[in-house]
Asks: 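If you scroll down you'll find the structure; I have some questions about it.
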Amino acid sequence: MVTQILKAEGEALKKAAKLIREGEAVAFHTETVYGLGANAFSDEAVLRIYALKGRPADNPLIVHVHRQYDISKLIDGEPPYAMALRKAFLPGPLTMVYPSKGKVSKYVSCGLNTLAIRVPSSPAAQAFLRETDLPVAAPSANLSKHVSPVTAGHVFDDFNGKIPLILDGGACEGGIESTVLDCTGEIPQILREGLVTREMIASVAGACGIYRAKRGEKPKSPGMAYKHYSPRCRTAYCMSAEEAAMLYDQEAAQGGAPCILCESGVVPLLGGRDCLDLGREGEEMAQRLYALLRTAEARVTLLIGIEPKERGGVMAGVLNRFTRAFGGTHET
Ligand code: AMP
Ligand code: MG
């Protein structure tokens, strides 16, 4: 199969919508990361997504709709706080999990009585979803466990020859996946941290919890149980510049090509060693992280990450991805 990369406009949108109606998978730009979409009503199309990614069968998908889509058709009721959150943050990088049974293919939610819905703000995503006018089930457009894609080229690297079309909307400005918020309880509860923070949600809903799976409990958001976002090179995780420099020098002495990924303030402490600069504050680090992990895997033998010290805002989401990419333990 030939994989086309087309700018998300005009005829390309029509072609994408036709492919989705025919049960094919199409990759598309969003403001978080690129998604790999299929018709959420079709069992066959949804199963194709799992097969293409090599995604575990118990890791549910998020359904994407355009801003005019009537989501009451997809859910079994909505608490008042969820309505307020929708008004405040959608379209945008917030996925809301609702009670829902039997509205879309059972493979979307892997048998759970809930459905995760997202209304992306990217104009390219909106144009694609409007043209399609169907709920589109879409995980990130990467092979399972690999780093999420933030350019059309990243999607191509994982799926060349396997999908017919990538709708190119440029680089994703958000850079990490959406916040996933459980809206089935008394108060909203974050299942996966992202660009819409706990503080932002609490300021509208009055309260916001963060879900942490207890030992032995089946996690509410199964995706969070998996190793994730891994670059295809050896990795090491450090807490300080000194520790990173030592590992770097060992690797270099053995003829390897090491590189250090760290926040801007730490770069001057590394004495000219090869570094990838994550940036200074949360939004910037979110935007750069995945692109830098993909750059690193293509050219280094050992990528050494130094845990960023920055906290607050979107850093909870950034740290979650950062530590999981390095096999660290900062699980949320
Ligand atoms: P991805 O699309 O690859 O970013 O992954 C989607 C994330 O949303 C995973 O962490 C899933 O576990 C989570 N998710 C999707 N649907 C649901 C649901 N119905 N309930 C809880 N979590 C969900
Ligand atoms: Mg993913």
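Order of appearance sets the numbers: ligands from 1, and atoms from 1 within every ligand. Since this is a predicted model, take the numbers as computed values, not measurements.
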Asks: Need the ligand 1 atom indices (1-based, order shown) with element for anything under 4.0 Å from a heavy-atom of Ser140.
Replies: 1 (P), 2 (O), 3 (O)
Asks: A side-chain contact here means heavy atoms from C-beta on lying under 4.5 Å apart; do Arg55 and Ile49 qualify?
Replies: no
Asks: Could you tell me, atom by atom, which parts of ligand 1 come under 4.0 Å of a heavy atom of Arg192?
Replies: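 Numbered from 1, ligand 1 contributes 1 (P), 4 (O), 5 (O), 6 (C), 7 (C).
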Asks: Check this for me: does any side-chain nitrogen of one of Arg86 and Glu78 sit under 4.0 Å from a carboxylate oxygen of the other?
Replies: yes
Asks: At under 4.0 Å between heavy atoms, is it the side chain or the backbone of Leu191 that contacts ligand 1, or both, or neither?
Replies: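 Near ligand 1, Leu191 shows its side chain, while the N, CA, C and O stay back.
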Asks: May I ask you to list the atoms of ligand 1 that are less than 4.0 angstrom from any heavy atom of Ile62?
Replies: 6 (C), 8 (O)
Asks: Find all atoms of ligand 1 within a distance of less than 4.0 Å from any non-hydrogen atom belonging to Thr114, and give their numbers and elements.
Replies: 18 (C), 19 (N), 20 (N)
Asks: Quick one: sort the Phe128 and Phe28 rings into parallel, tilted or perpendicular, breaks at 30° and 60°.
Replies: tilted
Asks: Which of the atoms of ligand 1 are close to Asn59, meaning less than 4.0 Å from one of its heavy atoms?
Replies: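 Here the atoms of ligand 1 in question are 9 (C), 11 (C), 12 (O).
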Asks: Can you list the ligand 1 atoms lying under 4.0 Å from a non-hydrogen atom of Ala116?
Replies: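 Every atom of ligand 1 under 4.0 Å from some heavy atom of Ala116: 15 (C), 16 (N), 17 (C), 19 (N).
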Asks: Within the structure, does Arg55 bring an N/O atom to less than 3.5 angstrom of an N/O atom in ligand 1?
Replies: yes
Asks: Would you please name every residue forming a ring pair (Phe, Tyr, Trp, His ring centres under 6.0 Å) with His146, sequence neighbours left out?
Replies: none
Asks: If we set the cut-off at 4.0 Å for heavy atoms, which region of Val97 has an atom near ligand 1: side chain, backbone, both, or neither?
Replies: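 It is the side chain that touches ligand 1; the backbone stays farther off.
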Asks: Cluster question for you: counting only ILVMFWY and a side-chain heavy-atom cut-off of under 4.5 Å, with indirect links fine, are Met246 and Leu302 together?
Replies: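 They do not share one cluster, since no chain of ILVMFWY contacts under 4.5 Å joins Met246 to Leu302.
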Asks: Please work out whether the ring planes of Tyr69 and His66 are parallel, tilted or perpendicular, with thresholds of 30° and 60°.
Replies: perpendicular
Asks: In Å, rounded to the nearest 0.5 Å, how long is the span from CD1 of Ile20 to CD of Glu131?
Replies: 12.0 Å
Asks: Where the closest heavy atom to atom 15 (C) of ligand 1 is concerned, which of Ser144, Ala138, Pro60 has it?
Replies: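 Looking at heavy atoms only, the winner is Pro60.
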Asks: Same hydrophobic cluster for Leu143 and Val155, using side-chain heavy-atom links shorter than 4.5 Å among ILVMFWY?
Replies: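 Yes; tracing contacts between hydrophobic side chains, which count when under 4.5 Å, links both residues.
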Asks: Ignoring angles and geometry beyond distance, decide whether Lys53 reaches within less than 3.5 Å of ligand 1 through its nitrogen or oxygen atoms.
Replies: no
Asks: Is it the side chain (CB and beyond), the backbone, both or neither of Val33 that lies under 4.0 Å from ligand 1, heavy atoms counted?
Replies: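 Neither part.
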Asks: Aromatic ring centroids of Tyr107 and Tyr50 under 6.0 Å?
Replies: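 For Tyr107 and Tyr50, the ring centres are not under 6.0 Å apart.
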Asks: Given the rule that I, L, V, M, F, W and Y join up when any side-chain heavy atoms are under 4.5 Å apart, are Leu292 and Val266 in one cluster?
Replies: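 In one cluster: no.
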Asks: Using a cut-off of 2.8 Å, find all protein N, O or S atoms closer to the Mg ion (ligand 2) than that distance.
Replies: Ser140 OG
Asks: Taking Ser148 as the fixed residue, which of His154, Arg294, Glu177 is the one that meets the side-chain hydrogen bond (donor to acceptor under 3.5 Å, both in side chains) rule?
Replies: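 It is Glu177, the one option of His154, Arg294, Glu177 that forms the side-chain hydrogen bond (donor to acceptor under 3.5 Å, both in side chains) with Ser148.
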Asks: Flag the pair Arg280 and Glu310 as a salt bridge only when some basic side-chain nitrogen lies within less than 4.0 angstrom of an acidic carboxylate oxygen.
Replies: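 Not counted as a salt bridge, because no side-chain N and carboxylate O are separated by less than 4.0 Å.
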